[in-house]
Amino acid sequence: MKNLAIFIDSKNGLITESSKRLLDFASNWSFQNGSESIYVYGFELVSSDMLSTYSSIKQYTHIKIPDLVNHSQVITPLLEEIQQKGISQFFYVKSLLMDTIASSLANKLAIPLISNVLKVEKVSAGFHMTKSVFSGKATLTTEIKSESFLVAFSKSFSMELLSNPGNSSVGQTEITLGKDIQNKLIENHPLTGSIPLPDAAIVVGAGRGFKDPSNWGIVEDLAKELGAATACSKPVSDLNWRPHHEHVGQTGVKIAPKLYIACGISGAIQHLAGVNGSRKIVVINNDSEAPFFKHADYGIVGDVFDVLPRLLNKLKSH
Ligand SMILES: Cc1cc2nc3c(=O)[nH]c(=O)nc-3n(C[C@H](O)[C@H](O)[C@H](O)COP(=O)(O)OP(=O)(O)OC[C@H]3O[C@@H](n4cnc5c(N)ncnc54)[C@H](O)[C@@H]3O)c2cc1C
C-alpha cells in the first residue's frame with residue numbers, strides 16, 4: 001500500500017496558500033503515481049469542506065500539541081497512526097515545527113528526508129528530486145530509489161498540474177502529541193503584522209535606505225494599502241529597527257510572493273537568496289547602479305521618501 005501523508009499549515013482555520021498548492025500537487029501525484037489514499041495532517045481544526053475539493057483525501061487529522069515539541073519521543077502517537085495507515089510517502093512545506101517533526105519521523109521510520117525540494121518527478125528507476133542549493137544559486141537533482149521518503153518542499157516549489165482529478169469525502173480525527181514532553185512553553189509572543197511573511201502574496205521590503213526606524217510609517221501604510229506583509233534587510237533587523245522575523249535573505253526568512261517591492265535595499269547576494277523565488281520584483285532605489293536593478297522586473301530610480309508617498313496616493317485614489 002502506498003498511502004501518502006500531507007502536512008499542511010493553516011491560520012485561523014484557513015489553509016495557507018503554499019499548503020493549498022501542496023494539496024493540489026498531492027492530488028495530482030496520487031492520481032499519476034497510483035497512491036491509494038491521502039491522509040492530511042494539520043495543527044488546527046480545518047473544515048472538511050475546504051479539503052473535499054481535492055481528490056483522494058481520506059481523512060484529516062488535527063494534531064494537538066499542548067506544549068513545545070522538541071523531544072523525539074513526543075511523536076510516538078503520530079508514528080503509531082502513520083504505521084496503522086500504511087503511509088510511506090510524506091510531503092510538507094518547510095517550517096520550523098514540521099522540520100522538527102519530520103526529522104524525528106525520518107529517524108524512527110529509517111527513511112530518507114529530502115529538504116528544500118523544488119520539484120519531484122517519477123522516473124523509471126525511482127524518483128528525481130530537484131533541490132535548491134548554495135542559497136538558491138544552483139539546483140541539484142538527486143535520484144531516490146526508495147518508495148518511502150519524506151519531502152520538505154521549499155516555499156517556491158513548482159509543479160505541473162493536470163486538470164483537477166476529482167473531489168473527496170473527508171473524515172476528521174485528532175491525536176495529541178506530547179505524552180513525554182520534557183520542555184514547557186514559557187512565553188508565546190505572537191508575530192506582529194496581520195499577514196505572515198512566508199505566505200504573503202505581496203511583500204514590501206525596506207532596507208537601510210530608510211535611515212531611521214521612525215521612517216517606517218510609509219512602508220507600513222503602503223503594505224496596508226496593498227494587503228501586503230512587511231520585510232526588511234538583515235542590517236535593519238540587526239540594528240533593531242525592525243523585528244528579526246521580518247529579516248529576509250540567506251540567513252532570514254525565504255519568501256516567494258507574487259510581488260516583492262524592495263525599497264532602499266541594495267540587493268546584496270545574501271538578500272537575493274531569500275527573495276529570488278518572487279514572481280515579480282519591483283526595485284525602488286536612488287542609486288541607478290544598485291545591484292538589485294539587475295534582478296528587477298520593474299525599477300524606479302528615485303528617493304523612497306518621494307516615490308512611496310506618491311505611489312500610496314495613487315493607490316488610494318483608485
Ligand atoms: C554571512 C552573511 C549573511 C547575510 N545574510 C543576509 C540576509 O539574510 N539578508 C540580508 O538582507 N542581508 C544579509 N547579509 C548582509 C548583506 O550582505 C548586505 O549587507 C545587506 O543586505 C544590505 O542591506 P541594505 O540593502 O538594507 O543596506 P545597504 O547595503 O546600506 O543599502 C542601502 C540601499 O539603499 C539605497 N538608498 C539609500 N537612501 C535611499 C533613498 N533615500 N531612497 C532610495 N534608496 C536609497 C542605497 O542606494 C543602497 O542601495 C548577510 C551578510 C553576510 C556576510
Side-chain angles (χ1 to χ4, degrees), residues 93-96 99 115-116 118 131-138 152 154-156 191-193 195-200 202-223 225-226 228-257 259-315:
V93 179
K94 273 184 81 57
S95 72
L96 202 57
D99 283 344
S115 189
N116 240 358
L118 296 167
K131 285 165 57 93
S132 167
V133 290
F134 300 127
S135 302
K137 285 194 282 301
S154 149
K155 290 239 178 231
S156 48
L191 299 185
T192 55
I195 302 172
L197 189 50
D199 282 309
I202 306 177
V203 174
V204 179
R208 213 151 39 175
F210 280 82
K211 316 224 167 22
D212 189 273
S214 62
N215 292 328
W216 247 261
I218 185 71
V219 179
E220 283 172 343
D221 290 348
L222 180 63
E225 191 63 28
L226 289 167
T230 49
C232 69
S233 63
K234 183 174 184 294
V236 164
S237 64
D238 287 347
L239 288 162
N240 280 326
W241 291 1
R242 296 297 293 176
H244 277 279
H245 66 256
E246 285 196 3
H247 149 207
V248 292
Q250 179 186 327
T251 47
V253 181
K254 311 274 185 293
I255 57 171
L259 175 64
Y260 179 47
I261 306 176
C263 316
I265 301 178
S266 56
I269 195 141
Q270 296 89 352
H271 184 83
L272 294 172
V275 305
N276 56 14
S278 309
R279 217 169 296 162
K280 291 277 180 239
I281 297 181
V282 176
V283 169
I284 305 169
N285 197 302
N286 63 1
D287 175 6
S288 61
E289 300 292 314
F292 222 148
F293 283 122
K294 292 202 181 85
H295 304 271
D297 296 286
Y298 302 95
I300 301 172
V301 180
D303 187 327
V304 286
F305 301 113
D306 171 40
V307 177
L308 262 62
R310 283 164 59 190
L311 188 57
L312 188 60
N313 282 341
K314 200 82 183 160
L315 287 166

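Throughout, residue positions are numbered sequentially from 1 according to the sequence presented. In each ligand, atom 1 is the first atom listed, and ligand 1 is the first ligand listed.
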Using distance alone, determine whether Gly207 and ligand 1 share an N or O pair under 3.5 Å.
no
Identity and separation of the nearest protein heavy atom to [atom]:
{"atom": "atom 11 (O) of ligand 1", "answer": "His271 ND1, 2.8 Å"}
{"atom": "atom 19 (O) of ligand 1", "answer": "Pro235 CG, 4.3 Å"}
{"atom": "atom 38 (N) of ligand 1", "answer": "Lys211 NZ, 2.9 Å"}
{"atom": "atom 9 (N) of ligand 1", "answer": "Val248 O, 2.8 Å"}
{"atom": "atom 40 (C) of ligand 1", "answer": "Asn286 ND2, 3.4 Å"}
{"atom": "atom 5 (N) of ligand 1", "answer": "Thr251 OG1, 2.8 Å"}
{"atom": "atom 52 (C) of ligand 1", "answer": "Gln270 NE2, 3.8 Å"}
{"atom": "atom 33 (C) of ligand 1", "answer": "Gly264 O, 3.4 Å"}

Numbering as shown, the atoms of ligand 1 that approach [X] to under 4.0 Å (heavy-atom distance):
{"X": "Gln250", "result": "7 (C), 8 (O)"}
{"X": "Val304", "result": "40 (C), 41 (N), 42 (N), 43 (C)"}
{"X": "Gly252", "result": "8 (O)"}
{"X": "Asp287", "result": "47 (O)"}
{"X": "Asp303", "result": "40 (C), 41 (N), 42 (N)"}

Could you tell me the separation between the [atom1] atom of [X] and the [atom2] atom of [Y], rounded to the nearest 0.5 Å?
{"X": "Lys254", "Y": "Asn276", "atom1": "NZ", "atom2": "CG", "result": "9.5 Å"}
{"X": "Ile261", "Y": "Thr230", "atom1": "CD1", "atom2": "OG1", "result": "12.0 Å"}
{"X": "Leu222", "Y": "Leu315", "atom1": "CG", "atom2": "CG", "result": "6.5 Å"}
{"X": "Ile300", "Y": "Asn285", "atom1": "CD1", "atom2": "CG", "result": "11.0 Å"}

How are the rings of Phe210 and Trp216 set relative to one another: parallel (under 30°), tilted (30 to 60°) or perpendicular (over 60°)?
tilted
Using 30° and 60° as the class boundaries, would you call the ring planes of Phe292 and His271 parallel, tilted or perpendicular?
perpendicular
Mark the output for [X] as yes if a heavy-atom distance to ligand 1 is under 4.0 Å, and as no if none is.
{"X": "Gly274", "result": "no"}
{"X": "Gly302", "result": "yes"}
{"X": "Ile269", "result": "no"}

Quick one: does [X]'s side chain have a donor or acceptor within less than 3.5 Å of a partner on [Y]'s backbone?
{"X": "Asp297", "Y": "Ile281", "result": "yes"}
{"X": "Lys94", "Y": "Asp99", "result": "no"}
{"X": "Lys211", "Y": "Gly209", "result": "yes"}
{"X": "His244", "Y": "Ser237", "result": "yes"}

Counting only heavy atoms not in Tyr298 (residues, nucleotides, ligands), do more than 12 fall under 6.0 Å from its OH?
no
Options [options], ranked by nearest heavy atom to [atom], top entry:
{"atom": "atom 47 (O) of ligand 1", "options": "Val283, Asn285, Val253", "answer": "Asn285"}
{"atom": "atom 13 (C) of ligand 1", "options": "Lys234, Lys254, Arg208", "answer": "Lys234"}
{"atom": "atom 21 (O) of ligand 1", "options": "Ser288, Ala290, Pro291, Ala268", "answer": "Ala268"}

Could Glu220 and Arg242 be called an ion pair, given the rule that one side-chain N must be under 4.0 Å from one carboxylate O?
yes
Is atom 1 (C) of ligand 1 touching the protein, meaning some protein heavy atom lies under 4.0 Å away?
no
Is there a side-chain contact between Thr251 and Gln270, using heavy atoms and a 4.5 Å cut-off?
no
